[in-house]
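Please read the structure below before turning to the comments.
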Amino acid sequence: MAVTLKVTDGEEGEWAVLRVSGELDLVTSPELRQRVHEAVADGRRSLVLDLSEVLFCDSSGVGVLIATRRLIRSCQGRLRLILPAQGAVDGSHVNRVLAALGVRRLFDVYPDVAAAVGEESTPLSA
């Protein structure tokens with residue numbers, strides 16, 4: 001079975017929203033990296049990555065998330081991740097991976113897009 005990743009673009013006010021589904025690994029993570037770079041090249045500095053439908057994430061995927069954080073910070077932008085407690089069938093795989101690697105605290109995490117783009121939203125605790 002082929003490894004697949006789907007990234008769809010959207011906007012919520014001033015926020016660019018990339019909805020990611022499938023598997024984020026060595027083969028597919030360059031697709032997400034490219035889409036993030038395209039958004040930044042288009043002048044987007046407020047980015048939401050909705051990872052609630054990611055079924056699998058390996059170190060390559062985590063590397064892309066950390067590189068995205070670095071890129072957005074270098075542009076004085078804002079990055080928010082969507083990692084719901086229950087998502088991607090059995091709970092947020094990405095949330096568990098980031099926590100296990102000790103990098104979850106690097107990201108502002110929200111339960112859904114509405115919370116992430118809200119004016120008075122507060123990230124979930126690490």
For a side chain to side chain donor-acceptor pair (under 3.5 Å) check, start with the C-alpha distance between Thr8 and Arg19, then their side-chain angles and the critical distance, and finish with the verdict. CA-CA 5 Å; Thr8 56; Arg19 289 178 172 83; 5.6 Å; no

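Of the listed residues (Leu79, Leu18, Val64), just one forms a side-chain contact (heavy atoms from CB on, under 4.5 Å) with Val36, and that residue is Leu18.
Hydrophobic clustering (ILVMFWY, side-chain heavy atoms < 4.5 Å, transitive): Phe56 and Leu49 are in distinct clusters. Connection of Leu101 to Leu26 is not established within any shared hydrophobic cluster, with ILVMFWY side chains joined at heavy-atom distances below 4.5 Å, either directly or through further cluster members.
A side-chain donor-acceptor contact under 3.5 Å links Arg69 to the backbone of Leu106. Checking side-chain atoms of Arg73 against main-chain N and O of Thr68 turns up no donor-acceptor pair under 3.5 Å.
Residues Leu65 and Leu98 form a side-chain contact, since some pair of their non-hydrogen atoms from C-beta on lies under 4.5 Å apart. Between Asp108 and Arg78 the shortest side-chain heavy-atom distance does not fall below 4.5 Å. At least one side-chain heavy atom of Ser29 sits less than 4.5 Å from a side-chain heavy atom of Leu24. The closest side-chain heavy-atom distance from Leu81 to Val94 is not below 4.5 Å. Counting heavy atoms from C-beta outward, Ile66 and Phe107 have side chains that approach closer than 4.5 Å. With contacts defined as side-chain heavy-atom distances shorter than 4.5 Å, the pair Val48/Glu12 does not qualify. No side-chain heavy atom of Thr28 sits under 4.5 Å from any side-chain heavy atom of Leu32. Contact annotation: the side chain of Val40 approaches that of Arg45 to within less than 4.5 Å [non-hydrogen atoms, C-beta and beyond].
Arg44 and Gly13 get closest at one heavy-atom pair: NH2-O, 4.0 Å. The two residues Asp58 and Ser60 come nearest to each other via the heavy atoms OD1-N, 2.9 Å. In terms of heavy-atom proximity, Ile82 sits nearest to Pro111 at CG2-O, 3.7 Å.
Ion pairing between a basic and an acidic side chain is recognised when a charged N comes within 4.0 Å of a carboxylate O; Lys6 and Glu53 show no such pairing.
One distance of note links OG of Ser21 with CG of Asp50; it measures 9.5 Å at 0.5 Å rounding. Going from atom CG of Leu55 over to atom CG of Leu5 covers 10.0 Å, rounded to the nearest 0.5 Å.
Residues satisfying the side-chain contact (heavy atoms from CB on, under 4.5 Å) criterion with Glu38, sequence neighbours excluded, are Gln34, Arg35.
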